Amino acid sequence: MSESLFAHLRAATRDPERPFLETGTQRYGYGDLDRFSAAIGRRLRALGVEKGDRVAAQVEKSPQAVFLYLACLRIGAVYLPLNTGYTLRELDYFFGDAEPRVIVCDPSRESDIAGLASAGAVLTLDGEGRGSLVDGIADGGDLAPVACAPDDLAALLYTSGTTGRSKGAMLTHRNLLSNAIALREIWGFADADVLLHALPIYHTHGLFVAINTVLLAGARMLFLPRFDPDAVIAALPQATVMMGVPTYYTRLLARDDFTAEAARSMRVFISGSAPLLEETFAAFEARTGHRILERYGMTETGMNTSNPLHGERRPGTVGLPLPGVELRVAGDDGRPLAPGEVGILEVRGPNVFKGYWRMPEKTAQEFRADGFFITGDVGVIGADGYVSIVGRAKDLVISGGLNVYPKEVESLIDRLPGVVESAVIGLPHPDFGEAVAAVVVRHPEAAISEAEIVAAARAELAGFKVPKCVLFVEALPRNSMGKVQKNVLRTDYGKTFQ
Ligand code: AMP
C-alpha cells in the first residue's frame with residue numbers, strides 16, 4: 001500500500017457517469033466527486049494547506065462536506081471533523097490543540113469562530129459565507145493525489161477523555177483503507193448497492209464505515225440530512241443496505257408503517273456504536289424478516305468485529321474479528337484469559353490508530369508492549385470465536401450512539417455555586433439506549449435547581465452531553481476506598497426513564 005487512501009478510493013470507480021450520492025434534490029456522480037474534490041483541494045492548497053496540515057470542519061451534513069473530506073485526503077491534509085453540537089468553548093479547545101491551518105464552518109457560526117483566538121483561517125462551505133470554499137468550483141482540471149505513506153495521518157478524530165480532556169485519535173491512511181477493504185469484503189458491498197445514509201458524518205460510523213466502504217465498492221448513497229423515520233421509510237424501497245445506531249432501529253419499530261414490505265429491497269441492516277438489545281433484534285426480525293447485523297468498533301480502531309453476512313448472526317454478540325484484526329481478552333494485568341472468561345478486550349491490527357495527538361504518555365498507557373490496544377470494553381470470547389461485550393471498564397455513557405465521558409460533565413456541574421459534588425451516569429432509556437443523568441449533592445442551604453444545572457451545561461456543552469435529568473441526593477454512595485459507586489446509583493435510579 002504505497003498510495004493514499006484517496007488514490008485507492010478513486011481507482012475503485014473510473015466511470016464518471018456512475019451515480020455516487022443522491023439527496024432529495026441533488027444527484028452527484030463519481031465524476032462530480034472527482035471534480036469537486038480537486039477544486040476544493042486546489043482552494044485549500046491556495047490557502048497554504050500542505051501535506052500533514054489539519055483542516056477542521058464543523059459543518060452540517062451535505063454533499064459538499066463529503067467532497068471537503070475527500071479533498072483533504074487528496075492533498076494529504078489531515079481531516080478533523082467536529083460534531084455540529086460542539087459549543088464555542090469546546091471548539092476553542094480543539095483548535096488550540098490541533099492547530100488547524102483552515103477551519104470550515106457553517107455561515108451562522110463564521111464570525112463567532114473567527115473571533116476565537118485559537119482559530120486560523122475560517123471559511124464556509126456554501127455560497128453565503130464571506131469566504132466560501134465552493135463558490136464557482138464546478139470547473140477546473142485534474143489534481144493528482146498527493147502521495148502518502150500508509151503511516152501518514154489521514155484524519156484526527158476527537159474522543160472525549162476519561163480525564164475530561166478530549167484526545168485526538170490519529171488515524172492513518174492504512175487504518176482507514178484496511179478497514180474499508182475488510183468491510184467491503186465481509187459485508188459483500190458491490191457496485192449495485194445503495195446505502196441509506198442517515199448517520200452524522202463527523203463520527204467514524206457515518207464517515208469512514210459508511211462512506212469509505214461505499215466508495216471502495218463503487219456503490220451509491222441515498223444521503224439524508226439526519227435520521228428522520230418518515231424520510232427513512234420513504235427512501236428504504238430504493239436502498240439495499242442501511243447502517244444505524246440501535247436507536248434508529250427502535251425508532252423505526254415504533255412506527256406502524258415500518259413493515260416487511262417497506263424493507264423489501266433491503267439486503268442487510270447493520271447496527272453499531274452502542275449495544276443492540278436482544279429484544280430489538282427479535283422484534284426487528286419478527287417485523288421484517290431481517291436479522292440485524294451487529295458489529296463493534298471505536299474511533300481509535302475503526303471496526304474490530306462483525307457478525308457474518310452469511311452465517312449465524314447471533315443476537316447479544318458482536319460477531320467475529322475482522323480479517324487481519326486480532327482480538328483478545330485480558331485481565332487488568334494484561335494476562336490473556338481463556339475463552340469464556342470475562343476481561344478487557346484488547347485489539348491489534350492495521351486498523352488500530354497511531355496514538356493520541358500530542359499525548360505520547362497517554363498513548364503509551366493504553367497500549368501493551370506487544371502492540372495490543374486496551375479498548376476499555378469488557379467482553380468475553382466464546383469457544384466458537386464470537387465476541388460479546390458485557391460492559392465497560394471505562395466510565396462512559398453512550399447516548400443515541402454518541403459517547404459522553406461523565407468526567408467532563410461532572411467537572412462543569414461541580415464548579416457551579418451551591419454544588420458540593422456530582423456523579424454523572426448513564427441510565428437505561430427506551431429511545432437513546434442510555435440517557436445522561438446527573439446525581440448531585442447540594443450545599444445544605446443552596447437552592448440550585450435542576451433547570452439551572454441543565455441550563456449551565458447547555459451553555460458550555462454539546463446537546464448530547466447535557467443531562468436529561470438531575471437527581472438530588474444527600475450524599476453519593478462510596479466504597480471503602482472512597483470511590484463513588486456508580487453501579488449503586490445506576491441500580492437505584494435504573495427505572496427513571498422506563
Ligand atoms: P466511538 O469511539 O464513539 O465509536 O465509541 C466506541 C465505543 O462504543 C466502544 O468502545 C464501545 O464501548 C461502544 N460500542 C461500539 N459498538 C458497540 C456494540 N456493537 N455493542 C456495544 N458497544 C459498542
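Counting begins at 1 with the first residue of the sequence. Whatever order the structure lists ligands and atoms in, that order sets their numbers, starting from 1. Bear in mind that the values here come from a model prediction, so they are computed numbers and not experimental data.
Inter-residue side-chain proximity for V214 and M243 is flagged as unmet; no heavy-atom pair is nearer than 4.5 Å.
In this structure, R358 places its CZ atom where more than 12 heavy-atom neighbours from other residues, nucleotides or ligands lie under 6.0 Å away. Residue R264 qualifies as enclosed at atom CZ: its count of foreign heavy atoms under 6.0 Å is above 12. The local environment of CD in E361 is sparse, with at most 12 non-hydrogen atoms from other residues, nucleotides or ligands closer than 6.0 Å. Under a cut-off of 6.0 angstrom, the local environment of CG in D332 is sparse, with at most 12 non-hydrogen atoms contributed by other residues, nucleotides or ligands.
Using modelled atom types, no side-chain atom of S273 and backbone atom of V245 make a donor-acceptor pair closer than 3.5 Å. Within the 3.5 Å criterion, the main-chain N or O of R392 finds no donor-acceptor partner in the side chain of D377.
The aromatic ring centres of F367 and F353 sit less than 6.0 Å apart. Between F464 and F432, the ring center distance fails the sub-6.0 Å criterion.
For atom 6 (C) of ligand 1, the closest non-hydrogen atom on the protein side is M298 CB, 3.3 Å. With respect to atom 17 (C) of ligand 1, the closest heavy atom belonging to the protein is A274 N, 3.7 Å. Taking atom 9 (C) of ligand 1 as the reference point, the nearest protein heavy-atom neighbour is D377 OD2, 3.3 Å. Of the protein's non-hydrogen atoms, the one nearest atom 8 (O) of ligand 1 is I398 CD1, 3.3 Å. Shortest contact from atom 5 (O) of ligand 1 to any protein heavy atom: N403 ND2, 2.9 Å. The single protein non-hydrogen atom nearest to atom 15 (C) of ligand 1 is G297 O, 3.3 Å, given as residue, atom name and distance.
Between T375 and ligand 1, a contact under 3.5 Å exists for no N or O pair. Of the polar atoms of S273, at least one N or O is found under 3.5 Å from an N or O of ligand 1, judged by distance alone. Close N/O approach between E300 and ligand 1 is not found [any backbone or side-chain N/O within under 3.5 Å]. Between T159 and ligand 1, a contact under 3.5 Å exists for no N or O pair.
Each of the following atoms of ligand 1 lies closer than 4.0 Å to a heavy atom of K394: 9 (C), 10 (O), 12 (O). For ligand 1 and P275, the ligand atoms under 4.0 Å from any heavy atom of the residue are 20 (N), 21 (C), 22 (N). Proximity to H203 (heavy-atom distance under 4.0 Å) selects the following atoms of ligand 1: 1 (P), 3 (O), 4 (O). Under a 4.0 Å criterion applied to the non-hydrogen atoms of E294, ligand 1 contributes the atoms 18 (C), 19 (N), 20 (N).
In summary, D370 and R368 do not engage in a salt bridge, as defined by a charged side-chain N under 4.0 Å from a carboxylate O.
Contact annotation for T299 and ligand 1: heavy atoms of both the backbone and the side chain come within less than 4.0 Å of the ligand.
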